[in-house]
Amino acid sequence: ETGVTQSPTHLIKTRGQQVTLRCSSQSGHNTVSWYQQALGQGPQFIFQYYREEENGRGNFPPRFSGLQFPNYSSELNVNALELDDSALYLCASSRTSPGELFFGEGSRLTVL
Amino acid sequence: GENVEQHPSTLSVQEGDSAVIKCTYSDSASNYFPWYKQELGKGPQLIIDIRSNVGEKKDQRIAVTLNKTAKHFSLHITETQPEDSAVYFCAARESSGSARQLTFGSGTQLTVLP
């Protein structure tokens, strides 16, 4: 059984740019959640996708957006990057909503 | 919304000793409490969880206790080993809302000294 995979693992952007992060959910899982983890902090919920629709959102501005595809993979897009967006972005999938979350290794974004 | 506080932020124990990490939550409607272990450069890994209808759950050297009245839950690791060294996060999930997202504590860096 393949776990949650994320790409890219590391990337560097400059302030004002846009970034797309990708996630493949674990086999059999139809729900994907995205979390932001700043250095030394616990993960913070960004949003969740279930059956290709946004199913809930945390306290993040609209420049954070996402997609879920028919194969349940997902993208996180961040526009107009700010320095504070530097963080580890974690994707987690679950068999249903709600359900046990299984996390990927994350994408480490550095904004200069 | 839910707020989870976790203590201590760092914990060092001798190999073979026990380690205890404590968390409190604010929303009495929360009903699911997982614990995650995060090793350096990796994503969080679910190690144990407990639901609000249970007071204690054990899995080999790991146990979790839940006190709903006091709104706190704890992770207990016995016979610690160097490979237990990692950052541990507690989390709570609300019982209502569409996403029922997890709210995480700020983490505990556990170091097991050989």
Side-chain angles (χ1 to χ4, degrees), chain A residues 3-10 21 23-26 29-51 53-60 64 66 68 74 87-108, chain B residues 1-10 21-27 29-52 57 59 64 75 86-110:
Chain A
V4 178
T5 58
Q6 293 186 242
S7 63
T9 54
H10 295 82
L21 307 178
C23 171
S24 293
S25 60
Q26 187 164 321
H29 289 189
N30 61 15
T31 303
V32 172
S33 302
W34 287 91
Y35 285 77
Q36 181 196 65
Q37 186 177 22
L39 202 60
Q41 302 292 320
Q44 281 199 300
F45 176 71
I46 303 175
F47 43 57
Q48 181 183 92
Y49 278 83
Y50 173 64
R51 292 185 175 178
E53 301 251 341
E54 188 178 289
N55 189 38
R57 189 178 185 92
N59 189 26
F60 281 81
F64 285 78
Q68 186 180 32
S74 177
L88 181 67
Y89 288 86
L90 294 162
C91 172
S93 70
S94 55
R95 195 170 295 279
T96 185
S97 176
E100 293 180 8
L101 291 189
F102 294 87
F103 284 87
E105 306 276 81
S107 294
R108 168 106 22 222
Chain B
E2 178 64 274
N3 182 51
V4 177
E5 295 194 357
Q6 183 172 346
H7 300 281
S9 57
T10 61
I21 303 171
K22 299 182 179 181
C23 290
T24 60
Y25 61 98
S26 62
D27 188 348
S30 290
N31 64 355
Y32 174 66
F33 307 92
W35 286 87
Y36 286 85
K37 175 184 181 182
Q38 187 173 28
E39 297 175 330
L40 198 62
K42 296 192 174 182
Q45 177 189 8
L46 179 68
I47 56 171
I48 195 167
D49 57 13
I50 190 167
R51 299 181 190 276
S52 58
K57 183 176 179 181
D59 182 5
V64 57
L75 177 71
V87 179
Y88 290 81
F89 292 97
C90 63
R93 185 170 71 201
E94 299 165 23
S95 59
S96 61
S98 55
R100 299 197 219 173
Q101 68 267 24
L102 293 179
T103 300
F104 284 82
S106 55
T108 297
Q109 173 70 63
L110 173 64

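So you know, we letter chains A, B, ... as the sequences are listed, proteins then strands, and number each from 1.
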Query raised in the report: What pairs with Ala91(B) under side-chain contact (heavy atoms from CB on, under 4.5 Å), at least two apart in sequence or on another chain?
Result: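 Residues passing side-chain contact (heavy atoms from CB on, under 4.5 Å) with Ala91(B): Pro34(B), Leu102(B), Phe104(B).
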Query raised in the report: For Leu101(A), is it the side chain, the backbone, both or neither that has a heavy atom under 4.5 Å from a heavy atom of chain B?
Result: both
Report task. Please state whether the side chain, the backbone, both or neither of Tyr35(A) comes within less than 4.5 Å of a heavy atom of chain B. Result ->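 Tyr35(A) touches chain B through side-chain heavy atoms alone.
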Query raised in the report: Would Glu100(A) and Tyr32(B) satisfy side chain to side chain contact (heavy atoms under 4.5 Å, CB included), going step by step from the backbone distance to the final call?
Result: CA-CA 10 Å; Glu100(A) 293 180 8; Tyr32(B) 174 66; 3.6 Å; yes
**Report entry** Separation of Ile46(A) CD1 from Gln101(B) CD (nearest 0.5 Å)
**Finding:** 12.0 Å
**Report entry** Gap separating the CG atom of Leu46(B) from the CZ atom of Phe102(A), nearest 0.5 angstrom
**Finding:** 6.0 Å
**Report entry** Portion of Gln38(B) that has a non-hydrogen atom of chain A nearer than 4.5 angstrom
**Finding:** side chain
**Report entry** Atom of Gln37(A), atom of Phe89(B) and distance for their closest heavy-atom approach
**Finding:** NE2-CZ, 3.3 Å
Query raised in the report: Which pair of heavy atoms, one from Gly43(B) and one from Leu90(A), lies closest together, and at what distance?
Result: CA-CD2, 4.1 Å
Query raised in the report: Above 12 or not: heavy atoms from other molecules or residues under 6.0 Å from CD of Gln6(A)?
Result: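 Result for CD/Gln6(A): enclosed.
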Report task. For Glu54(A), check salt bridge (Lys or Arg N to Asp or Glu O under 4.0 Å) against everything at least two apart and list the hits. Result -> Arg57(A)
